[in-house]
Structures are given as structure tokens and as C-alpha cells.
Amino acid sequence: MVDSEALWREALYGPSGFFTRGEVPADHFRTAPLVGPELAEALLVLLERVDFALGRPARLDFVDVGAGGGELAGAVRALASGSLAARLVVTAVDLGPARSVPGVRWRSTLPSSVRGLLVGHEWLDAVPCPLVTGPASHPWLDRWWPVRDGERAELGQPRDEAWADAVSRVERGAALAVDYGHVRADRVAGRYAAGTFAAYRGGRRVEPVFDGTCDLTAHVALDACAEAAGGEWVLVSQRDALAALGFVGAVSPGEPDWLAAAERASRIAELRAEGGLGSFGWLLHAVGVPLSALLPPLPPWRP
Ligand SMILES: C[S@@+](CC[C@H](N)C(=O)[O-])C[C@H]1O[C@@H](n2cnc3c(N)ncnc32)[C@H](O)[C@@H]1O
């Protein structure tokens with residue numbers, strides 16, 4: 001039997017793999033950190049809440065796992081201000097080549113201990129996992145994604161393990177995975193019966209090949225990741241999470257710089273668009289701090 005997970009891993013992270021070679025996701029698709037500064041601003045609001053809940057420690061971590069070109073980590077570093085900025089240590093983690101981003105420490109492995117906020121933005125979708133065609137039986141599939149005759153699925157256990165490992169490194173604070181994905185009810189209903197494995201090159205969807213020439217990805221079973229990492233967590237839409245952090249994208253009529261405000265509102269609208277970036281899931285785990293200090297109650301994610 002073909003080991004699809006190994007092929008996928010080699011194609012992205014082998015010696016001449018797509019990400020090992022230093023391909024920047026930004027060259028191949030538009031991710032939220034590239035829309036504008038608003039995602040980083042929203043994460044700073046969340047980081048401030050974490051900081052407050054931790055009692056404003058002498059050192060506060062922001063760790064960006066799967067940092068790609070370092071755009072998000074760099075923006076968080078550049079936008080932080082006041083006492084928080086003075087205590088903030090920003091770390092980018094990626095298997096690809098280290099980038100030079102002002103004020104950002106670069107590593108290839110996750111730090112062993114984090115006090116603050118760990119974020120995996122579009123990280124888990126790039127974690128390779130087995131591709132299966134039904135009928136197939138496996139404890140993970142039986143629990144999370146029953147696969148019938150002729151159906152396809154991605155067996156998400158490696159993502160569960162990667163996320164559980166990342167969350168376990170947060171000593172106190174929070175861990176946030178932001179990604180496109182699906183939930184069990186929709187998988188069971190057969191909405192993803194063709195699987196979600198896909199390849200992209202130069203901004204276009206292409207036929208998947210395991211030769212390192214394209215990005216290979218699949219939607220993330222974020223509900224399974226949540227359960228694997230455990231503790232106190234919530235899984236909501238980016239649309240709702242951004243609004244709860246104060247990013248709704250409204251322009252008030254008396255705005256002095258109306259044009260700038262309208263441009264900002266349209267970027268926030270893009271981040272909150274249903275069926276687009278707004279339908280991404282935000283899986284937030286609180287560690288040693290109350291979840292209610294980070295986000296108010298919101299409807300469960302249903303992409
Ligand atoms: C789809 S890209 C996302 C980049 C960026 N976060 C963004 O949203 O634009 C996924 C990134 O995760 C990195 N990655 C995958 N597995 C990793 C791991 N175990 N540790 C560190 N980085 C990893 C890849 O090298 C790649 O740069």
C-alpha cells in the first residue's frame with residue numbers, strides 16, 4: 001500500500017521539499033496576514049487579554065507556529081506598544097529556512113515552554129496525514145470520519161498529535177489554531193465524501209503531485225484536534241471571533257479620515273467574509289487562565 005503521508009511529508013519537508021526549499025505561502029495563495037494589519041491587531045487584543053489574565057508577567061510570549069514568511073509574527077512585533085511591547089518576546093517557528101524579521105526570534109522546533117499566546121495560523125492544514133479511500137476502518141476514522149465505499153478522507157490523527165503537543169507546551173496562557181476545516185456532523189453527513197486533499201501552485205489549484213513543486217494541503221478536523229489537546233477550549237468562526245475582539249468593519253459617518261476607515265472596513269470584511277476567511281475556525285485553548293477572560297460565549301463553528 002502507498003504510504004501517502006510519507007509521500008506528502010517528503011514533498012513538502014524532504015530535502016528539496018516545497019517548504020524546505022523556502023517557498024513562501026504568500027507567493028502561492030492569499031492568507032489572512034497578507035490582507036492587512038487587522039488580523040495581527042486582533043491577535044494583539046487577544047494577547048492583551050492573556051497578559052491581563054496572567055497578571056502582566058515580566059516576560060510574555062507570542063509564538064507563531066508554522067510562521068511561513070514571518071508576516072504575522074513581524075506584524076505583531078511591530079504593532080505591540082507600551083508595557084506589553086517591552087515585555088513581549090516574539091518567536092516564529094518553521095521547518096523552512098529562517099527569515100530575518102526585525103524583533104522576531106526564529107526557530108525550527110517548538111519551544112518547550114510558553115507563557116503567553118501560541119498561534120498556529122494555517123499550520124495544521126500543512127501537517128501531512130494519511131489519505132484513505134473507503135471502505136476503511138481505523139479508530140480515528142471510526143470516531144471522527146466514517147468512510148463508506150468509494151469515499152475519500154484524510155485521517156487527521158497526525159494533526160491531533162501535532163496540536164496536542166503544541167498546546168502541551170503552553171505553561172500558562174492560551175493556544176489558538178486558525179484554519180479551514182470541518183466538523184464531524186458534516187463529515188458524517190457526507191459533505192466531504194470526496195475528501196479535501198488539494199494542491200496549489202502560483203495561486204492556482206493544480207493536480208496534486210508529490211514532487212515538491214506544489215503546496216499540498218487538506219482541511220483540518222479542528223474538533224478532533226480540540227479533543228486531543230483537551231482542557232478548556234472553544235471552537236468558533238473567525239467571523240464571530242473578530243467581532244468579539246472589536247473588529248466588525250463598520251465605518252461611522254463622522255469618521256475624519258473616511259477613505260482610510262472605509263479601506264480598513266473592507267479589509268475586516270474580507271477577514272470576516274462567510275464562505276471565505278470568515279468561515280475559518282478559531283480553536284482556542286485556555287491554559288491556567290479562564291476561557292471567559294479571553295472570549296465571550298459565541299455560537300459553535302459550523303463552516
Ligand atoms: C500553509 S503555511 C502557513 C504560513 C503562515 N502561517 C500563513 O498563514 O501565511 C504552513 C507552514 O507551516 C510550516 N510547518 C509545517 N509543519 C511544521 C512544524 N512541525 N513545525 C514548524 N513549522 C511547520 C510549513 O513549513 C509552512 O511554512
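Read the numbers this way: they start at 1 and go in the same order the structure lists the ligands and their atoms.
For the residue pair Tyr180 / Asp125, a side-chain donor-acceptor distance below 3.5 Å is found, with atom types taken as modelled.
Residue-to-ligand polar distances keep Leu110 apart from ligand 1: every N/O pair is separated by 3.5 Å or more. Taking only nitrogen or oxygen atoms, main chain and side chain alike, Asp125 does not reach within less than 3.5 Å of ligand 1. Taking only nitrogen or oxygen atoms, main chain and side chain alike, Asp64 does not reach within less than 3.5 Å of ligand 1.
Listed by first and then second residue, the side-chain hydrogen bond (donor to acceptor under 3.5 Å, both in side chains) pairs that reach into residues 11-22 are Arg21-Glu23, sequence neighbours excluded.
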If you look only at distance, which donor and acceptor atoms sit under 3.5 Å apart when one is on a side chain in residues 248-263 and the other is two or more places apart or in another chain?
{"unit_1": "Ser252", "atom_1": "OG", "unit_2": "Glu255", "atom_2": "OE1", "d": "3.2"}
{"unit_1": "Asp257", "atom_1": "OD1", "unit_2": "Ala260", "atom_2": "N", "d": "3.3"}

_I'd like to know whether Arg115 forms a side-chain contact (heavy atoms from CB on, under 4.5 Å) with Arg59, so could you lay out the CA-CA distance, the side-chain angles of the two residues, the decisive distance to 0.1 Å, and finally the verdict._
CA-CA 8 Å; Arg115 271 185 174 235; Arg59 172 191 163 134; over 6 Å; no

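Against a heavy-atom cut-off of under 4.0 Å, Gly68 is close to the following atoms of ligand 1: 4 (C), 27 (O). Near Trp123, with a cut-off below 4.0 Å to any heavy atom, the atoms of ligand 1 are 12 (O), 14 (N), 15 (C), 16 (N), 17 (C), 18 (C), 19 (N), 23 (C). Near Ala126, with a cut-off below 4.0 Å to any heavy atom, the atoms of ligand 1 are 10 (C).
Residue nearest to atom 25 (O) of ligand 1, selected from Asp94, Leu72, Leu12: Asp94 (by heavy-atom distance). Considering Val178, Leu95, Val119, Leu39 only, the shortest heavy-atom separation from atom 20 (N) of ligand 1 involves Leu95.
One N or O on the side chain of Trp301 and one on the backbone of Ser279 form a donor-acceptor pair closer than 3.5 Å.
Between Leu216 and Phe210 the shortest heavy-atom distance is CD1-CD2, 3.7 Å.
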